[in-house]
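In what follows, chains are A, B, ... by sequence order, proteins preceding strands, each numbered from 1. FYI, side chains are in, hydrogens and waters are out, and symmetry mates aren't considered; it's all heavy atoms of this structure.
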Amino acid sequence: MSSDTRFDPASADARWQNAWEKAQTFRADSDSPKPKSYVLEMFPYPSGRIHIGHVRNYTMGDVLARYKKATGHEVLHPMGWDAFGMPAENAAMEKGVHPGGWTRDNIEHMKAQLKRLGFALDWNRELATCEPDYYGHEQALFIDLYEAGLVYRKESEVNWDPVDMTVLANEQVIDGKGWRSGAEVEKRKLNQWFLKITDFAEELLEGLGSLENWPDKVRLMQENWIGKSKGLEFSFDLSNGEKLPVYTTRPDTIFGASFVAVAADHPVAQAIDSEEAREFIALCKRGGTTAAELETAEKLGFDTGITAKHPFTGADLPVYIANFVLMDYGTGAIMAVPGHDQRDFEFATKYGLPIPRVVAPSVEEAGKSFDGEAEAGEGVIVNSDFLDGMSVEDAKREVIRRTEEHGRGTGKTVWRLRDWGVSRQRYWGTPIPFIHCDACGVVPAPKDSLPITLPEDVDFQTPGNPLVRHETWKHVDCPKCGGRAERETDTLDTFVDSSWYFLRFASQPADRPFDAEEVAKWLPVEQYIGGIEHAILHLLYARFWTRALAHMGQIEVKEPFASLFTQGMVTHETYRVFIPDDEGQTIAPRSYYVSPEEVERRDGKVFEKSSGLPVEIGRVIKMSKSKKNVVDPDTIIDSYGADAVRWFMLSDSPPERDLPWSEAGIEGCSRFVHRLWRLFAAHDAGAQGEDKALDRKTHQTVAAVADDIEALGFNKAVARIYELTGTVEKAAPSASRSAAIRTLVQLVAPMMPHLAEEAWAGMGMDGLVADAPWPEVDPALLIEDEVTIAIQHKGKLRDTLTAPKGAAKEDLEAMALASEKVQRSIDGAEIRKVIVVPDRLVNIVT
RNA sequence: GCGGGUGUGGCGGAAUGGUAGACGCCGGGGACUUAAAAUCCCCUGAGCUUUGCUCGUGUGGGUUCGAGUCCCACCACCCGCACCA
């Protein structure tokens with residue numbers, strides 16, 4: 001290799017990608033005796049093209065996977081496709097293509113894009129969830145779950161998206177609108193398939209405690225989502241002779257109850273036979289569910305005229321229908337304690353109901369009045385008969401005990417988590433493997449009939465599910481009685497597909513979903529990397545499936561992902577052109593966004609190329625098509641090569657934060673690629689002589705980069721590599737310098753693998769740098785023999801000096817006092833104290 | 001409203017309680033060149049009475065010999081959840 005040859009990514013990238021493929025460098029061997037490391041990034045939906053967010057995500061995983069390989073691990077780093085879902089059907093409707101063809105074309109294209117980036121992936125294990133050899137096994141697992149009692153059907157009110165014509169999970173309803181279509185969600189009653197995730201609520205909550213390497217933020221979000229609360233369920237005797245069960249988390253405040261409230265949907269409310277009641281209920285239902293509406297919503301109530309007998313005092317409490325009581329939480333009815341619940345307080349204030357105090361800061365303050373709001377905090381129980389003087393916690397226990405003793409109710413744990421509705425009235429998903437028979441009811445499809453494949457001949461010109469309209473597909477004989485029966489036409493929520501794919505990556509037998517022994521070798525995933533948007537849905541469902549399979553004895557592992565990392569987005573500034581006023585006609589300025597390629601810079605200002613109009617540079621925000629601030633990975637790889645793009649993805653921003661894309665930034669990265677290349681070309685295997693300081697720097701950098709990669713602090717690793725590069729460039733030729741250059745090749749290999757292979761080969765090294773072990777660190781070289789000591793006077797820096805490492809305190813003090821600058825600062829003042837931190841600083845206090 | 005996070009140069013960001021601003025980008029100056037590109041070198045927080053000094057990590061307090069870092073109060077922005085009894 002000679003110094004006048006420029007590094008040419010256009011040829012080098014593909015050459016090394018082929019070399020890795022030919023050598024099967026990244027094939028994961030389950031039988032390897034090496035320690036295993038499973039590195040996984042959330043697999044992509046094949047939307048058509050890789051976007052820059054994928055590039056960042058997979059680059060991070062790739063650096064870790066390559067580093068793990070170098071440090072002696074057998075690495076499993078697979079890739080696949082989360083290939084079912086609505087966009088394929090939308091494309092079918094809009095373009096008249098088949099969802100399968102559209103999806104497979106996309107996969108092919110995106111796979112080629114990923115290959116251009118040189119990721120260290122084991123493509124032998126590639127899978128797509130839309131293929132029968134994946135979803136057939138999913139059907140088998142679904143039947144297993146059914147047999148384990150974790151699948152059931154129920155008639156239920158569902159969130160119906162009128163645009164996508166499908167059911168949405170609660171998690172897919174955002175502010176009352178469909179998460180994809182944005183349409184106002186309607187309520188409909190349908191027979192639906194459910195997974196009993198609530199059976200695992202306690203486990204899923206407790207399991208969070210063991211996930212130390214998950215971000216606290218995600219654990220907290222899941223905790224809130226599961227939403228455990230402990231309390232008391234008991235019944236009021238109503239004046240109409242019925243019993244009304246209510247749920248409360250504050251049984252200690254029971255003597256403060258001044259009214260009872262039920263939800264509008266509650267049977268007690270529904271049974272009120274009056275025009276006014278019906279009108280009020282209708283009013284409650286009309287209320288919006290958006291954040292803004294709820295925040296400002298006034299507490300409204302309707303007095304039913306019914307009264308409820310207080311279980312301890314025997315007082316008659318009025319029963320209201322209230323708009324703030326939810327039917328689907330607890331029992332849909334509450335005992336209202338206005339003194340100690342803000343909502344109840346507002347309601348009582350509005351309707352002139354009593355607001356008794358039953359918790360006070362001290363017994364003496366039992367008569368204290370309220371200051372315009374409820375007091376929900378700690379204190380001592382007052383005005384509460386046998387509870388007086390107790391702490392909140394003691395009173396809770398006592399009330400639960402007495403209520404249970406009287407047989408009026410029980411202590412109860414209530415969860416916010418609901419069972420997971422998995423039915424979708426869609427074609428492009430896993431067919432639910434069940435058969436409806438008039439005689440036998442719902443019967444699971446026999447396992448030997450799996451996979452139940454989707455019919456190819458379907459049309460999408462009519463809204464709704466084509467499986468329902470299909471002429472022949474759904475007709476089948478009942479596996480039990482042999483009579484005429486019909487297939488289930490619902491398909492599974494695509495979140496089911498992504499709830500177990502990590503198991504299939506680990507082991508892919510043809511005749512069953514996975515092999516337990518193989519799974520045990522690889523799982524749990526050592527490092528899972530993906531977007532924060534999956535903090536609840538995907539990650540909770542995957543945890544649930546893993547636990548359910550463990551519960552059924554199919555696998556041992558209980559938590560699928562040992563470490564989770566949620567990476568930030570790639571952002572970019574926006575370019576906006578304001579259309580000039582048309583002779584003062586325009587009132588509001590009209591504007592449109594233009595893409596980065598459509599603008600040019602002149603004299604420090606920015607203009608649209610085509611029109612010459614000035615462009616306003618906007619906020620740095622997430623890339624999106626509508627804001628036209630997207631950057632296409634293919635284009636930038638063409639311009640700069642894979643290594644520069646990968647390097648950019650790792651530089652500057654900490655990986656959990658957003659990364660602002662910039663043209664200047666990628667150019668800087670590209671410059672560095674070529675700068676390294678020149679340095680590598682200057683490698684002289686025959687150079688003689690030792691450079692101790694350089695050796696130290698090299699070894700320190702190796703150790704630091706290793707630490708940084710293991711902590712996923714890629715931006716810091718990058719900075720260290722820049723630093724070492726600068727040092728090596730300035731160093732005089734020596735054996736140490738040549739060694740440092742070889743080491744540098746290895747340090748950048750996980751990040752810029754193509755450049756590294758090219759340099760490695762150019763230096764005449766054996767084999768691939770991808771197979772080379774991580775450079776060894778000599779611990780003796782990590783320690784400096786000289787240190788810089790800061791000298792402070794009254795805490796302010798006055799001078800620095802160089803001292804041998806480990807110098808005695810007295811010597812450092814003497815050296816500090818000998819400093820002219822320090823003496824000038826002290827200016828003859830009396831020295832009261834001298835603080836010496838060995839190898840660090842001397843602080844003189846006067 | 002509840003919960004969580006983040007505030008450091010023109011920008012992205014470094015900094016086990018111990019020299020704030022590593023490293024990168026932008027910008028300025030210079031070298032090389034007929035010229036440009038590429039490359040290399042130097043400068044680059046602010047201010048001042050410039051051998052040096054003062055100020056400076058959102059604001060105000062506190063602890064400490066010493067605070068970006070710890071404690072208290074506040075402000076701003078971002079994210080999640082949301083009438084969950």
Inset, instruction - Give a yes or no on whether a salt bridge exists between A:Asp708 and A:Arg720, defined as a side-chain N under 4.0 angstrom from a carboxylate O. - result: yes

Inset, instruction - Classify the angle between the aromatic ring planes of A:Phe648 and A:Trp661 as parallel (below 30°), tilted (30 to 60°) or perpendicular (above 60°). - result: tilted

Legend entry - Contact nearer the 5' end of RNA chain B, comparing A:Leu326 with A:Gly665: A:Gly665

Legend entry - Pairwise C1' distance for B:G29 and B:C77, with rounding to whole Å: 38 Å

Inset, instruction - Select base, sugar-phosphate, or nothing to describe what A:Arg219 touches, counting heavy atoms under 4.0 Å on all strands. - result: nothing

Inset, instruction - Indicate, with yes or no, if the rings of A:His674 and A:Phe680 have centres closer together than 6.0 Å. - result: no

Legend entry - Annotated protein contacts, base or backbone, on nucleotides 7-21 of chain B with a non-hydrogen cut-off under 4.0 Å, one of B, S, - each: S----BSSSB-BB--

Legend entry - Validation row: A:Leu238, A:Lys243 side chains within 4.5 angstrom (heavy atoms): no

Legend entry - Given B:G3, B:G24, B:C83, the nucleotide with the shortest approach to the side chain of A:Arg675: B:G24

Legend entry - Distance, P atom - from B:C70 to B:A15, rounded to whole angstrom: 14 Å

Legend entry - A:Tyr329 or A:Tyr722, whichever maps to the more 5' nucleotide of RNA chain B: A:Tyr722

Inset, instruction - Identify the nucleotide, in any strand shown, that forms a Watson-Crick or G-U wobble pair with B:U57, with both distances under 3.5 Å; if there is none, say none. - result: none

Legend entry - Spacing of the P atoms in B:A14 and B:U63 (rounded, Å): 31 Å

Inset, instruction - Establish, yes or no, whether the cationic atom of A:Arg416 lies under 6.0 Å from the six-membered ring centre of A:Tyr329 and within 45° of the ring axis. - result: no

Inset, instruction - Measure from the side chain of A:Leu220, starting at C-beta and using heavy atoms only, and say which of B:A22, B:A85, B:G4 lies closest. - result: B:G4

Inset, instruction - Assert yes or no for the condition that the ring centre distance of A:Phe302 to A:Tyr320 is strictly below 6.0 Å. - result: no

Inset, instruction - Indicate, yes or no, whether a donor-acceptor pair under 3.5 Å links the base of B:C83 to the side chain of A:Lys299. - result: yes

Inset, instruction - Assign A:Arg832 to base, sugar-phosphate, or nothing according to its heavy-atom contacts below 4.0 angstrom with the strands shown. - result: nothing

